[in-house]
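In what follows, chains carry the letters A, B, and so on, assigned in the order in which the sequence lines appear, proteins first and then strands, with residues in each chain numbered from 1. Given the structure is predicted, the values throughout are model-derived calculations rather than measurements.
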Amino acid sequence: MSDAAVPLGAVPPPVPGEVAVQITGMNKWYGQFHVLRDINLTVDRGERIVICGPSGSGKSTLIRCINRLEEHQTGQIIVDGTELTSNLRNVDKVRSEVGMVFQHFNLFPHLTVLENCTLAPIWVRKVPKREAEETAMDFLRKVRIPEQANKYPGQLSGGQQQRVAIARSLCMRPKIMLFDEPTSALDPEMIKEVLDTMIELAQEGMTMLCVTHEMGFAQAVANRVIFMDQGQIVEQNTPREFFNNPQSERTKLFLSQILGH
Amino acid sequence: MSDTHAQTVAQVRDTMLPPAPPPRRETGAIHWLRENLFSGWLNIVLTILAIWLVWTVLSGFVPWAWRGIWGAGSLTECRQIRDQLYPAGTSVACWSVISERWQQLIFGFYPPGGYWRPPVALAVFLVAVLPILFTDLPRRLLWLTVAAPFLIFFLLWGGTIWGPLTMALGVVLGGVVWLTGRRTGSPLVTLVATILVPLLFWMFLAKPLAAELAQLAPWGLPRVASKDFGGFTLSVVIGLSAICLSLPLGVLLALGRRSDMFFISKIAIAYIELIRGVPLIVWLFTAQLLLNYFLPRGTNFDLMLRVIIMATLFAAAYIAEVVRGGLAALPKGQYEAADALGLDYWQAMRLIVLPQALKISIPGIVNTFIGLFKDTTLVAFIGMYDPIGLATAIRASTDWQGIYWEIYVFIALVFFIFCFAMSRYSIWLERRLERSHR
């Protein structure tokens, strides 16, 4: 676990009242398996939420529902004022406003780093190529790998690939960023470089939902930590309260297991 | 642990080792021979066996081919020359049949005055596919690719130049409708209009227009009927047409088979399984005999066109299965990343999925193409004069009755050159695309 030593004060507060994501009474099943049960969650603009929990607790499924990589069956999900239904136009609209970073990066191996970053702006946002490339270089500088722009993803290290993936999402200028275990597939030496990038993003006021077990990151930038188990939100609180004064037995057990070594 | 181990357990390196070159290997031809050919008893036996095998084949074939007789007018003449030159009982090739009949084997019954046309058409084809095959060529060459089908049609079948030009005009019309509609109208209306306008133009306006223009300016080439196509011209026209048409159709079928939409996927599965489950020769007979029953009375649908359509439909089913393998081999994360970025289905397929899936499928696709090209020889059975059909005809002529090997060796050689070129290209392409590894 890396210690992201950024003082909490450096992170701007969320904007109360402006809702980025609103989930009410949402349920999801995989066949007979009830994977998400009665999820209610409101995320304000600029809020940074860390979601943790044991594997199979439905935390990845939850954030994948927010850009409809998974479909929910009942309840309501409203992202940036658009409700997610089977209406494909709404789905594409939400997806172009919501960035996602995956555990296994999912860069496009047949395109260069720069092409990875310009593809969606050019084809979805219809940005002219020159302009898209300039934006992409700005974000590649921001994640500190502009010199790799013309390489292919296969030539980069895991940490570099994940930073490219973050830059690729940012090039769409998303309003919300989803992180699905962004550091779980990385070597320990590379975790910090990715977390630093995410912390910088948080400091700029990006709305973020992160599934992660990096508790140092949670303490540094999260407004709220959500603990999930068996498809339900078991506990949510500010990081300080969550780590120092957990309420439920299940949370205490989980925290003792991930922090107790 | 006792103190005696302290020195060996704890260790600190204060200088890092520089990289050193690997040890030099034993080299030289004798070493190579011993290593590769005579490394053990089994290897020695196999080496000797292989040398004997190669010798047996070549010692028969090479003198036979090398001493071959050119320039005789018939098989009888060939035999007379052979008896004069060589002791009795020597077997030599009679290549005269090739030098006498090569034009027929290559051009079939194409009018001799137009022998330049098929090679020029082939050259146009090769130039037109260059910008597709070699992606670093200037993109402007793609205009040639668009114009090539009409030019090739004109070169091969002849007639006035206005026929192909009015056909091309239909395509241009469609393009204009598409471009104006995309800016102003709704997408659906635009799509329907883009398909309908050229169709109506071709059905009602193209022919009279071409006829009018032909009266004004009767430029053109002598018309050549499809039944006069033969030999390698026929094989190459059928083979390359089917290759070019079956790839897009096969890709669409593969996408259809994996589609979430019930009817689309079931139709694709039914099509693929039906076509693959029946031998090509049966489909060719269907094309020859049955297709006319289904078409309106009086339509005389060109047999060659029917064969091209059948070969295309047949190959598309195989291509679809090969491409489906490539699609399945692609990690799910690629689809998800494309979705998460907001790309729609066709964008995701065109920009992310197909470039990678087709790359994985290259060996299978080229394998199917090579198979398809060789399978064009089956048209001999429905009365078309491809090289095999012509070989039968030549062997039945009085001059060359009784000749076997020479014609078939020649046909095999030409087919081999075509297929080997395709194989080399696919290997080159695979290497070139081998820029990423998962």
| query | Non-hydrogen atoms of chain A under 4.5 Å away: do they reach the side chain of B/E336, the backbone, both or neither? | reply | both
| query | Which heavy atom of A/L69 sits nearest a heavy atom of B/A340, and at what distance? | reply | CD2-N, 4.4 Å
| request: Identify which of B/D344, B/L343, B/L351 forms the greatest number of heavy-atom pairs closer than 4.5 Å to chain A. | output: B/L351
Measuring only between side-chain heavy atoms, which start at C-beta, is [X] closer than 4.5 Å to [Y]?
X      : Y      : result
B/Q334 : A/P109 : yes
A/L195 : A/M198 : yes
A/F179 : A/Q162 : no

Can you tell which part of [X] gets under 4.5 Å to a heavy atom of chain B, answering side chain, backbone, both or neither?
X      : value
A/L107 : backbone
A/V98  : backbone
A/R168 : both
A/F102 : side chain

| Ring geometry between A/W29 and A/H34 (parallel below 30°, tilted from 30 to 60°, perpendicular above 60°) | parallel
| Does atom CD of B/E273 have more than 12 heavy-atom neighbours from other groups under 6.0 Å away? | yes
| query | Could you walk me through whether B/Y318 and B/F314 pass the ring-ring contact (aromatic ring centres under 6.0 Å, His included) check? | reply | CA-CA 7 Å; B/Y318 282 86; B/F314 190 79; 5.2 Å; yes
| query | Going by distance alone, is a donor N or O of one side chain under 3.5 Å from an acceptor N or O of the other, for A/T112 and A/N150? | reply | no
| task | Only one of B/V251, B/V353, B/L358 passes side-chain contact (heavy atoms from CB on, under 4.5 Å) with B/L327; say which it is. | result | B/V353
| task | May I ask you to list the residues in residues 117-138 of chain A that approach chain B closer than 4.5 angstrom, counting heavy atoms only, ordered by number? | result | A/L119, A/A120, A/W123, A/V124, A/K126
